[in-house]
Enquirer: 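Starting off with a structure, shown below.
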Amino acid sequence: MVKDLFERIQNNKGPLGKWASQAEGYYVFPKLEGDLGPRMQFHGKEILNWSINDYLGLANHPEVRKADTDAAIQYGAAYPMGARMMSGHTTYHEQLENELAAFVMKEAAYLLNFGYQGMVSIIDALVTKNDIIVYDVDSHACIIDGVRLHMGKRFTYKHNDLESMEKNLQRATKMAAETGGGILFITEGVFGMRGQQGKLKEIVAMKEKYNFRLLVDDAHGFGTLGKTGAGAGEEQGCQDGIDVYFSTFAKSMANIGAFVAADQDIIDYLKYNLRSQMFAKALPMIQTIGSLKRLELLRNSSEIKDKLWVNVNALQNGLKERGFNIGDTNTCITPVYLEGSIPEAMVMVNDLRENYGIFLSIVVYPVIPKGIILLRMIPTASHTMKDIDDTLAAFEAIREKLVNGTYKTIAEKTTVDVS
């Protein structure tokens with residue numbers, strides 16, 4: 001007997017979906033309103049926002065807003081029509097690619113409509129069934145989904161573990177010798193949950209012993225790390241060793257889109273083989289021209305990145321001084337690890353939002369192990385010292401309630417009020 005395809009979906013909503021009746025509209029799919037920034041509106045109240053990736057505060061920068069507006073007035077939302085290869089190619093797209101390549105110190109670059117879609121397609125284009133992929137077990141979902149398309153062998157290594165990396169490179173080398181293929185090694189410049197930099201310098205050094213090519217997803221490093229903001233590779237002094245560099249515009253650039261940069265011959269190949277770009281409409285002119293302005297500010301306004309790091313250091317040092325566990329982050333991403341259940345976490349976040357006016361991202365199982373609550377904050381250049389002081393005071397208060405069982409008692413007796 002053939003089952004109804006939807007039977008599984010109707011009976012099992014998944015580890016996150018099962019909380020939808022309590023969570024949706026408040027804990028997940030929340031509606032933040034007002035101008036993007038540290039202070040926004042949530043359920044009719046002003047909140048202090050630590051949950052947007054606008055690292056450099058460019059979303060509401062007056063020059064950025066003007067560039068976006070002017071582009072919209074001149075071109076509208078539709079221009080250009082068609083895929084780049086057919087009818088959607090413009091001088092502005094070429095200009096942005098050239099400037100991005102120079103900024104990250106690569107020969108050439110190619111624009112992508114979306115970061116997630118782009119990474120999936122890059123992996124698919126770079127490898128054949130004879131090639132072997134080696135990647136970090138904690139990789140972002142876009143990398144995992146790209147690897148799932150691979151019809152050949154792939155190996156995961158323990159997160160940022162050099163011994164595990166080498167062990168799996170040895171396995172991949174042996175396998176590639178049998179298949180006649182090559183090896184693609186994938187890591188992130190910055191891991192988005194824990195805030196750790198990938199061990200790029202050490203990975204690049206392994207090229208002296210093993211024959212592989214390195215693809216780096218630097219979504220959170222671009223614009224925030226390195227002397228010029230060129231990312232984790234510049235920060236670690238090994239940008240030359242990154243064969244294929246990828247970043248999205250959705251973080252430091254406060255925009256939609258992404259890019260990939262590499263040697264000219266690799267970019268030439270990708271331009272003609274990236275299915276997600278060949279068969280998709282070109283990046284609209286609003287995003288393209290707007291990104292040129294954002295990149296100009298990245299290059300010429302170092303004080304913005306300096307202010308970001310003043311805030312990052314103040315927040316992270318303040319948390320550590322108060323005994324909070326922020327792991328081993330060495331980037332802007334600021335995780336706070338606490339022990340508790342999902343219901344306790346829901347009560348805690350409700351308390352933070354309703355009584356302390358603080359909005360941040362909550363991460364629970366299955367993204368992290370059971371029994372752990374991760375409160376993830378993204379400091380930006382737009383935050384103030386008062387924002388940081390208010391947040392530190394609130395964190396001390398909620399920790400006490402978690403430790404003394406207040407949140408557990410509430411979670412056991414009631415459903416959190418999300419009205």
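It should be emphasised that the depicted structure is a prediction, and the values quoted were computed from it without experimental measurement.
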Enquirer: For a 4.5 angstrom cut-off between non-hydrogen side-chain atoms, does T334 reach T329?
Expert: no

Enquirer: Do you know the tightest heavy-atom contact between P284 and P80?
Expert: CA-CD, 4.1 Å

Enquirer: Determine, using ring centers only, whether Y92 and Y79 are less than 6.0 Å apart.
Expert: no

Enquirer: Could you work out, with side chain to side chain donor-acceptor pair (under 3.5 Å) as the rule, every residue matching T384, not counting sequence neighbours?
Expert: D387

Enquirer: Indicate whether any N or O donor in one side chain lies under 3.5 Å from an N or O acceptor in the other, for Y55 and H220.
Expert: yes

Enquirer: Between the side chains of D131 and T128, does any donor sit under 3.5 Å from an acceptor?
Expert: yes

Enquirer: Are R65 and D68 ion-paired here, with the side-chain N under 4.0 Å from a carboxylate O?
Expert: no

Enquirer: Looking at R275 and D124, is there a salt bridge between them, counting it only when a charged N and a carboxylate O are closer than 4.0 Å?
Expert: no

Enquirer: Does atom NZ of K167 have more than 12 heavy-atom neighbours from other groups under 6.0 Å away?
Expert: no

Enquirer: Indicate every side-chain donor-acceptor pair of residues 107-114 with a distance under 3.5 Å to a residue at least two apart or in another chain.
Expert:
unit_1 : atom_1 : unit_2 : atom_2 : d
E107   : OE1    : Q264   : N      : 2.9
N113   : OD1    : L283   : N      : 3.3
N113   : ND2    : K281   : O      : 2.6

Enquirer: Please enumerate all residues that pass salt bridge (Lys or Arg N to Asp or Glu O under 4.0 Å) together with K227, with sequence neighbours excluded.
Expert: none

Enquirer: Show, in sequence, the C-alpha distance, side-chain angles and deciding distance for M385 and N311, and conclude whether the side-chain contact (heavy atoms from CB on, under 4.5 Å) test is met.
Expert: CA-CA 7 Å; M385 284 300 145; N311 289 344; 3.5 Å; yes

Enquirer: Is K271 salt-bridged to E97, going by a charged N under 4.0 Å from an acidic O?
Expert: no

Enquirer: Would you check if the distance from the ring center of Y26 to the ring center of F42 is below 6.0 Å?
Expert: yes

Enquirer: Is the closest basic N to carboxylate O distance between D70 and K293 below 4.0 Å?
Expert: no

Enquirer: Can a donor-acceptor pair be found between the side chains of E166 and Y157 at a distance below 3.5 Å?
Expert: no

